[in-house]
Amino acid sequence: MFKLFTVDSERRTDGDISQHVKQCSRKASSLALATVATIVLVGCSDSDGEVIPGVTITVDDPGMLDNPIVVDNPVIPDNPVIPDDPVIPDNPAVDPVTEPTVVWTETFPGSIRARSELIGTDDIALVRSTELDDFQWLTAVVPDTGKVLWRQSFMNNFCGPAITADGNVVAQLNAEFALGGEDRSHDIALFDGATGDILDQWQPGLGVLPRCASASLLISEDGIVIHHIRGKQRGFRITESNELELAWEQDGLASFPTYNDVVLIGNNLFVFQALERSAGDGVSVVYVNRLDSNSGEVLNTYETDMRRMVSVAAVGPDHLLINGIDVNSDKYSLLFTGVGLSSAPDDITIAWDRAFDDSGNGDGVTAGISGRVAKSDGAFASWSKTDTSTVSEFSLASGLANWSFPTSSFSNNDTIASLPDGGYAVAPFGGNFLEATDENGDVAWVLESVEGLGFAAGFSSLGDNKLLVTSPNTEGGWAITGIQLPD
């Protein structure tokens with residue numbers, strides 16, 4: 001048996017090649033080999049007539065060759081074939097990510113709220129925290145890498161920040177510290193989004209500006225910064241030289257004692273009131289006021305059949321959802337359309353309304369839509385209730401649930417986030433660290449736990465297919481973690 005050792009121009013696999021050797025002319029030689037014998041075959045042809053140039057064969061037992069054979073006049077090709085350098089693709093294939101994977105974690109001292117809000121873009125994520133002698137901090141990180149861009153203290157974290165179209169940040173400062181002006185006014189500051197440096201600061205004077213009563217500052221389509229407190233709204237303009245200027249003030253809307261938020265859709269600011277329908281009749285009615293965010297002018301007011309509001313959210317480009325209690329004391333939701341960027345003041349209309357009771361109203365959902373919602377194409381999702389704790393996706397067209405997904409445990413803070421593939425992520429209390437649905441309401445993936453982290457307080461899909469998660473009860477403080485989502 002022969003073993004193939006080298007082939008000058010064609011590689012052969014191990015095997016019996018005696019059928020090739022027998023066709024080659026041989027001639028005795030006086031070559032003596034001590035331990036191995038080598039046969040050089042040049043110009044041989046196999047049984048198919050194929051030429052095998054320059055084959056070197058090593059024989060297992062050199063004793064077989066008492067009379068070694070040497071081929072006459074071996075032919076060496078004038079231009080031997082040399083393999084080209086291997087081609088390396090510009091974008092080498094990467095194995096797809098099939099499970100959520102933790103790719104980075106940054107930890108900090110102090111604490112964050114269990115209902116911590118995490119906001120950001122693909123370039124910057126912002127987290128509020130309290131640490132180091134109860135100073136309130138704002139931390140900015142890069143979503144894809146976890147790199148800390150900057151940290152700023154002396155913040156007023158009861159009013160959340162907002163991000164401008166050019167990537168800068170507006171937030172309120174804490175009046176109790178020097179950075180806040182030492183005048184008991186919670187000044188609004190404009191920060192450079194890349195460095196955290198303060199570009200400008202609106203300082204109205206002693207005690208003029210309290211912290212905002214809504215969840216955060218808001219920024220309109222035209223770049224107007226909205227500050228809202230009970231019964232008063234202000235609009236600020238950012239000039240080309242990055243200076244903050246007061247554009248308008250509106251104090252003509254009576255305070256809403258049981259509800260304190262506002263909603264901004266495009267350039268339309270919506271402010272809500274609970275007023276008696278007629279003086280002294282004791283019947284409270286929820287009114288929706290539409291303001292021009294560029295001027296503060298009230299464009300129109302809409303009366304609803306709702307007696308009390310619980311939550312409100314923008315759930316689409318032209319869709320305003322209001323949750324509350326109706327005239328029958330049932331949990332109740334209604335959806336306004338005609339409220340978007342291109343709509344006229346009188347376009348507002350109710351697309352649908354529905355009550356939630358034990359009947360399930362045709363889709364099995366017996367409890368109301370929660371205060372936090374996540375948007376997708378033509379629908380929105382929230383924590384809800386069927387015969388168990390669930391997450392339901394509701395159609396913008398009908399208000400009925402497209403599907404309901406049974407979670408591993410109940411909700412603690414109603415946090416939910418939209419995912420790039422059309423699904424949603426939630427963090428059940430005492431259940432999995434995170435679990436996700438696909439766009440059809442089926443289980444997409446489950447992350448049972450993350451080493452070193454407690455529960456997920458806030459999370460948002462940012463960066464290149466990342467889910468950023470804050471956790472308040474890590475060893476020594478709090479953490480923000482980047483999770484690579486499945487492809």
Side-chain angles (χ1 to χ4, degrees), residues 117-128 138-145 147 149-152 155-157 159-173 187-202 212 214-228 233-248 250 261-271 290-297 313-320 339-343 374-377 417-418 420 458 460-466 468:
E117 296 284 353
L118 173 67
I119 71 165
T121 66
D122 288 343
D123 301 314
I124 184 175
L126 299 173
V127 185
R128 293 171 278 168
L138 185 62
T139 300
V141 302
V142 178
D144 283 327
T145 65
K147 175 184 176 182
L149 290 172
W150 49 269
R151 308 192 72 217
Q152 186 63 266
M155 305 303 300
N156 175 1
N157 281 342
C159 179
I163 301 173
T164 67
D166 58 1
N168 290 329
V169 175
V170 287
Q172 278 197 274
L173 303 176
D187 297 349
I188 293 180
L190 175 65
F191 296 91
D192 186 305
T195 66
D197 295 335
I198 293 181
L199 302 175
D200 194 32
Q201 188 170 334
W202 193 72
C212 76
S214 52
S216 68
L217 299 174
L218 303 171
I219 299 181
S220 73
E221 184 74 17
D222 289 344
I224 300 295
V225 179
I226 305 297
H227 177 277
H228 163 74
Q233 297 77 41
R234 291 179 174 89
F236 297 88
R237 183 174 291 106
I238 302 174
T239 69
E240 292 183 0
S241 57
N242 284 324
E243 295 179 344
L244 285 163
E245 295 180 349
L246 179 64
W248 55 265
Q250 170 61 258
D261 217 345
V262 293
V263 171
L264 186 62
I265 303 178
N267 290 318
N268 297 307
L269 177 66
F270 294 92
V271 179
R290 178 175 182 163
L291 281 66
D292 181 350
S293 64
N294 286 303
S295 65
E297 177 188 359
V315 293
D318 193 39
H319 305 82
L320 175 65
V339 296
L341 181 63
S342 60
S343 60
K375 296 180 286 187
S376 66
D377 187 16
S418 300
S460 183
S461 180
L462 303 170
D464 184 13
N465 206 30
K466 300 287 193 306
L468 269 63

Ignoring hydrogens and geometry, is there a side-chain-to-backbone donor-acceptor pair from Asn268 to Val339 under 3.5 Å?
-> yes

Got Leu138 and Val169 here, is their nearest side-chain heavy-atom distance under 4.5 Å?
-> yes

Are Asp200 and Asn242 side-chain neighbours, meaning at least one heavy-atom pair lies under 4.5 Å?
-> no

Can you name the one residue among Val142, Val141, Leu149 that meets side chain to side chain contact (heavy atoms under 4.5 Å, CB included) with Ile124?
-> Leu149

Distance from Ile224 atom CD1 to Arg234 atom CZ, nearest 0.5 Å?
-> 15.0 Å

Closest non-hydrogen atom pair between Asn267 and Ser293, with its separation = O-OG, 2.8 Å

Grab the two heavy atoms, one from Asn168 and one from Leu199, that are nearest each other, plus how far apart they are.
-> ND2-CD1, 3.9 Å

Would Asp144 and Asp464 satisfy side-chain contact (heavy atoms from CB on, under 4.5 Å), going step by step from the backbone distance to the final call?
-> CA-CA 6 Å; Asp144 283 327; Asp464 184 13; 3.4 Å; yes

For the pair Glu297 (side chain) and Asp292 (backbone), establish whether a donor and an acceptor sit closer than 3.5 Å, ignoring hydrogens and angles.
-> no

Hey, are the side chains of Gln172 and His227 touching, using non-hydrogen atoms and a 4.5 Å cut-off?
-> yes

To the nearest 0.5 angstrom, please state how far the CD1 atom of Ile265 sits from the CG atom of Leu218.
-> 11.0 Å

Counting heavy atoms not belonging to Asp377, are there more than 12 under 6.0 Å from its CG?
-> no

Taking all atoms of both residues into account, what is the closest heavy-atom pair of Pro143 and Thr121, and its distance?
-> CG-O, 3.5 Å

4.5 Å side-chain heavy-atom contact, Val170 and Ile238 | yes

For Trp150, check ring pair (Phe, Tyr, Trp, His ring centres under 6.0 Å) against everything at least two apart and list the hits.
-> Phe191

Determine the minimum heavy-atom distance between Ala314 and Lys375, stating which atoms define it.
-> O-CD, 3.4 Å

Hey, what do you get for CG (Leu320) to CG (Leu264), rounding to the nearest 0.5 Å?
-> 11.0 Å

Taking the side chain as C-beta and beyond, is there a heavy-atom pair between Arg290 and Ser343 under 4.5 Å?
-> yes

Starting at CG of Leu291, measure out to OG of Ser220 and round the result to the nearest 0.5 Å.
-> 12.5 Å

Smallest heavy-atom separation, Ser461 atom then Ser418 atom, equals CB-O, 3.4 Å

Interatomic distance, Leu244 atom CG to Leu190 atom CG [nearest 0.5 angstrom] | 5.0 Å

4.5 Å side-chain heavy-atom contact, Ile226 and Leu217 | no

Ring pair (Phe, Tyr, Trp, His ring centres under 6.0 Å) with Phe236: which residues, sequence neighbours excluded?
-> Trp202

Arg128 and Ala215: which non-hydrogen atoms are nearest, and at how many Å?
-> NH1-O, 4.2 Å

Output for pair (Leu468 CG, Leu126 CG), nearest 0.5 Å, gives 11.0 Å

